[in-house]
Amino acid sequence: MATPSFSIILSLLLIFGVGISQSEARAFFVFGDSLVDSGNNNYLATTARADSPPYGIDYPTRRATGRFSNGYNIPDIISQQIGSSESPLPYLSPALTGQRLLVGANFASAGIGILNDTGIQFINIIRMPQQLDYFRQYQRRVSGLIGEASTQRLVNQALVLMTLGGNDFVNNYFLVPNSARSRQFSIPDYVPFLIREYRKILMNVFNLGARRVIVTGTGPLGCVPAELAQRSRNGECSPELQQAAALFNPQLMQMLQGLNRELGSNVFIAANTQQMHTNFITNPQAYGFITSKVACCGQGPYNGLGLCTPLSNLCPNRDVYAFWDPFHPSERANKIIVQQIMSGTTEYMNPMNLSTILAMDSEA
């Protein structure tokens, strides 16, 4: 175990953006949806993509990369904080070869959910069974480089980020009136069904060797500009979607705690991203934002309709908008979220934040 003083010093270094030395960097694997996709969908025939301007307007290259952001997304910022030489590349990227494989890989795909029928309107996306198949394939490829034992150690010691759930509500249950899932389940019954299916995914990730997995909850789904544009008269959040998030996130945390008890180890770390988002949605000015209702890039009410395209309204200063497009946080909002992942109290990170994990694991 790290001494308290070491943990405090490490937390301060991480909060102020000082990375860990490259010698201590660990592999990083990312699974999930558009909140964490770094460009896999660029290589697919799908409508769920962010490969044209003004996406990427604040990325170092000033080019659209497939990230659903004006700049860096959450995996990029976490990579910087854990001392990685670069963010893990999209698994489908032809550049992911040789030594770059040892950095990790990003398997995420915009549009997917916990359920395989989520995102069917996007046609060709990498659903969770395929993301896990790619993870198996990745391990075989790395074994060819460094051997099976070293590959197992790399995976066991890696950090994993898992972001799922929002699309199962937004792009499945609530997508159209009387959707198939809404006819099958009430929301109080749909949520436990999702949690049971999510548990199976997480156990598969564990069985594939993951031992430190940060699992994010959904944000306040009813408050994103897309939902305000479609469902709000006076800027109020959608009560139906807010009820869904309010049921899903506590049940997710309970499931993760139960898994950890069964496994006898804190494998799964719950990130309360609903609360992180709610903070700057309810009081944007306290975080330096001028609005949390209007997207920087979009059209229609709250810039919440359709996609962000070269023809969309575009704000001149992305740093003062909590939302970049109708669904996704701005780069600056992502940085606030990662700061809480790194150093937040148990209100945000349970049973511990990422700084504590890094400190503990460095002493192991």
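Basis for what follows: all heavy atoms, side chains included, without hydrogens, waters or symmetry-related copies. One is the number of the first residue; the rest follow in order along the sequence.
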Are V160 and F31 packed together at the side-chain level, in the sense that at least one heavy-atom pair is separated by less than 4.5 angstrom?
yes
Do we get R332 above F289's six-membered ring, with its NZ or CZ under 6.0 Å from the centre and within 45° of the axis?
yes
Any donor-acceptor pair under 3.5 Å linking the side chain of S330 with the backbone of D319?
no
Pairs flagged by disulfide bond (SG atoms under 2.5 Å apart) wherever residues 190-266 is involved - sequence neighbours left out
C223-C237
Give the other cluster members for F68, using side-chain heavy-atom distances under 4.5 Å between Ile, Leu, Val, Met, Phe, Trp and Tyr residues; answer none if it is isolated.
Y55, I57, L314, W324
Any chance the rings of F323 and Y302 have centres within less than 6.0 Å?
no
R67 backbone acceptor or donor facing N73 side chain under 3.5 Å:
no
Residue set satisfying ring-ring contact (aromatic ring centres under 6.0 Å, His included) with F193, at least two apart, ordered chain then number -> F185
Rounded to the nearest 0.5 angstrom, the CZ-CD1 distance for F169 and I187 is 5.5 Å
Count the heavy atoms of every other residue, nucleotide or ligand shown that sit under 6.0 Å from CD of E262, and state whether that count exceeds 12.
yes
Does a sphere of radius 6.0 Å around CD1 in I120 hold more than 12 heavy atoms from other residues, nucleotides or ligands, not counting ones at 6.0 Å or beyond?
no
Is the backbone of Q257 close enough, under 3.5 Å, to the side chain of N260 for a donor and an acceptor to pair up by distance?
no
Using disulfide (SG to SG under 2.5 Å), reason through C297 and C315 one step at a time and then give a plain yes or no.
CA-CA 7 Å; C297 183; C315 68; over 6 Å; no
Indicate, with yes or no, if the rings of F107 and Y134 have centres closer together than 6.0 Å.
no
